[in-house]
Amino acid sequence: MQATKTQVAVIGAGAFGGWTALQLRRRGARVTLLDAWGPGNSRSSSGGESRILRAAYGPDQPYTRMAARATQLWREHEQRWRIRLLYPAGVLWMVSEGDDQFERASLPFLEEAGIRYEELSLREMSRRWPQVNFEGVRWGMHEPEGGFLRARLACQAVVEGFLAEGGEFRQVAVLPNHLESGCRDGVLLSDGSRLIADRYIFACGPWLGKLFPETIGNLIRPTKQQVFFFGTPLGDDRFSEGKLPVWADHGQRFLYGMPAGDGRGFKIADDTQGPPFDPTEGERSVSAEALELAREFLGFRFPAMRHAPLVETRVCQYENTPDHHFIIDRHPNQESAWIVGGGSGHGFKHGPALGELVAELIREEREPDPSFRLARFRER
Ligand SMILES: Cc1cc2nc3c(=O)[nH]c(=O)nc-3n(C[C@H](O)[C@H](O)[C@H](O)COP(=O)(O)OP(=O)(O)OC[C@H]3O[C@@H](n4cnc5c(N)ncnc54)[C@H](O)[C@@H]3O)c2cc1C
């Protein structure tokens with residue numbers, strides 16, 4: 001890539017596209033970032049209030065290192081933009097009686113990436129966080145430097161940073177016409193214009209399957225995920241940031257949540273994949289069953305929150321690949337087009353590191369790691 005002459009169009013200003021656009025701009029490309037509804041919009045996967053930043057990922061994966069690099073970049077950009085995006089509340093993995101393979105296998109990877117962690121006994125956890133009922137929990141893995149990110153706000157901050165460094169942003173949609181057969185004559189936009197670039201990076205999250213029905217199709221399946229925020233008791237800060245870490249309860253179901261911060265309430269969500277969901281037309285209302293499950297769990301694990309009122313809900317979608325690994329690859333029939341997505345419920349935190357990786361791949365005309373390439377699905 002001849003940095004200063006190359007014109008790049010990045011389509012999608014979520015966690016993946018926004019950071020990729022910024023990192024490409026820094027490497028000298030002329031970058032136009034497009035988004036149909038704007039950075040961190042309510043339909044996008046990056047559009048929630050908060051996202052967890054953790055580095056434990058089990059064995060044989062690239063994500064612990066990526067999370068370490070991303071953490072560094074999140075911190076640097078907080079300083080650069082003078083904005084608080086990362087709340088380092090810590091992340092506590094509650095390991096239930098039974099299988100602890102995931103946590104055990106994570107430890108050497110954390111070690112190798114230089115990420116601090118603590119193995120905590122039941123007794124120690126009960127001492128530190130007496131407001132939690134640790135029944136059924138055997139031990140805990142604590143990442144003191146993890147925490148949560150202000151998701152929607154961060155997407156907007158990235159685009160503002162990108163604009164300040166000379167990038168161009170347009171709120172407009174790329175029409176899904178003939179994208180599979182080539183962008184030689186540019187891409188057609190919803191305002192009737194056409195955008196011609198040297199490289200196109202499609203970072204359209206859960207929409208990628210519809211934009212590329214042959215290349216992606218069902219390789220990215222959007223699922224409905226429901227998130228609940230409960231109000232903390234008046235004058236009681238035991239469930240707020242500073243008093244409680246982000247937590248992941250790795251029992252029979254995988255529930256997670258975070259302390260109240262930024263006035264939004266105490267968050268609970270179930271990581272189990274929900275039913276298929278259309279990110280454009282889907283109604284974002286929660287189900288009574290999911291609310292009941294969240295309430296039941298809340299009362300059990302955080303007894304003083306048993307009668308807490310529901311103050312907010314959100315419906316978002318995961319954009320799952322079959323193996324939960326990201327997709328970072330060239331379009332098989334078009335040298336100039338890249339597909340970047342498949343965050344699979346864990347992509348947000350990696351945005352800064354992923355953007356850096358994609359920008360480097362494009363600048364150096366390198367091939368991505370096989371674990372991110374589309375060929376892995378064909379080889380199955
Ligand atoms: C409930 C929930 C909880 C999650 N929790 C975590 C977590 O704790 N930690 C974590 O790291 N990750 C988490 N994730 C996953 C993470 O949020 C996603 O993996 C990540 O945000 C995906 O970003 P993206 O940029 O690929 O997609 P998106 O954010 O969806 O961005 C795609 C963008 O493309 C735009 N677009 C689509 N089509 C077009 C078009 N034709 N033309 C122009 N623009 C278009 C959209 O408007 C959108 O803004 C969670 C996800 C959900 C839903």
Side-chain angles (χ1 to χ4, degrees), residues 9-21 32-55 57 63 66-67 70 74 91 146-149 151-152 154-156 158-159 169-177 179 187-191 195 200-212 220 222-228 246 248 256-258 267-271 273-274 277 279-280 284 286 313-321 324 326-328 339-355 358:
V10 179
I11 300 104
F16 284 8
W19 282 102
T20 300
T32 302
L33 175 62
L34 311 174
D35 198 291
W37 294 288
N41 70 78
S42 294
R43 283 179 167 111
S44 69
S45 293
S46 306
E49 287 300 322
S50 49
R51 293 288 182 263
I52 300 175
L53 174 69
R54 45 107 180 177
Y57 261 97
Y63 302 109
M66 210 185 253
W74 281 112
V91 177
F148 62 94
L149 295 153
R152 184 165 53 88
C155 293
Q156 291 158 2
V158 171
V159 173
F169 173 73
R170 288 171 69 185
Q171 188 161 325
V172 66
V174 166
L175 300 181
N177 303 23
L179 293 177
V187 286
L188 203 57
L189 306 181
S190 52
D191 63 4
L195 181 70
Y200 301 87
I201 298 161
F202 291 90
C204 303
W207 287 269
L208 281 168
K210 283 211 170 140
L211 291 176
F212 296 98
I220 292 182
T223 55
K224 178 176 177 178
Q225 306 302 138
Q226 308 181 51
V227 181
F228 301 91
V246 170
Y256 66 90
M258 53 191 75
K267 174 174 168 178
I268 292 197
D270 185 346
D271 185 59
Q273 281 179 29
F277 191 74
T280 305
R284 294 181 188 259
V286 297
T313 61
R314 285 193 72 86
V315 170
C316 190
Q317 64 281 313
Y318 285 168
E319 60 295 323
N320 303 292
T321 62
H324 301 286
F326 302 159
I327 293 174
I328 302 173
I339 295 175
V340 176
S344 305
H346 67 99
F348 190 88
K349 68 182 84 56
H350 297 292
L354 176 136
V358 175

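Counting convention: from 1, in listed order, for ligands and their atoms alike.
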**Prompt:** Stepwise, does the side chain to side chain contact (heavy atoms under 4.5 Å, CB included) test hold for L354 with F348?
**Reply:** CA-CA 10 Å; L354 176 136; F348 190 88; over 6 Å; no
**Request:** Compare I52, L354, L34 and give the one whose heavy atom is closest to atom 9 (N) of ligand 1.
**Result:** I52
**Request:** Could you tell me how the ring of H346 sits relative to the ring of Y63: parallel (under 30°), tilted (30 to 60°) or perpendicular (over 60°)?
**Result:** perpendicular
**Fill in**
Filtering S46, A173, G14 for the heavy atom nearest atom 23 (O) of ligand 1 leaves S46
**Request:** Around atom 28 (P) of ligand 1, find the nearest protein heavy atom and jot down its residue, atom name and distance.
**Result:** S45 N, 3.6 Å
**Message:** Quick check: closest heavy atoms across F277 and T223, and the distance to 0.1 Å?
**Reply:** CB-C, 3.8 Å
**Message:** Please state which option from G205, S44, G17, G347 has its nearest heavy atom closest to atom 27 (O) of ligand 1.
**Reply:** G205
**Asked** Would you call the rings of F326 and H350 parallel, tilted or perpendicular if under 30° counts as parallel and over 60° as perpendicular?
**Response** perpendicular
**Message:** Geometry only, no angles: is E319 polar-contacting ligand 1 at N/O separations under 3.5 Å?
**Reply:** yes
**Request:** Counting heavy atoms only, name the option from W207, Y318, F326 that's nearest to atom 52 (C) of ligand 1.
**Result:** Y318
**Message:** On a heavy-atom basis, I'd like to know which of V172, V227, V174 is closest to atom 42 (N) of ligand 1.
**Reply:** V174
**Complete:** Scanning both residues in full, the closest heavy-atom pair of V91 with G147 reads CG2-N, 3.5 Å
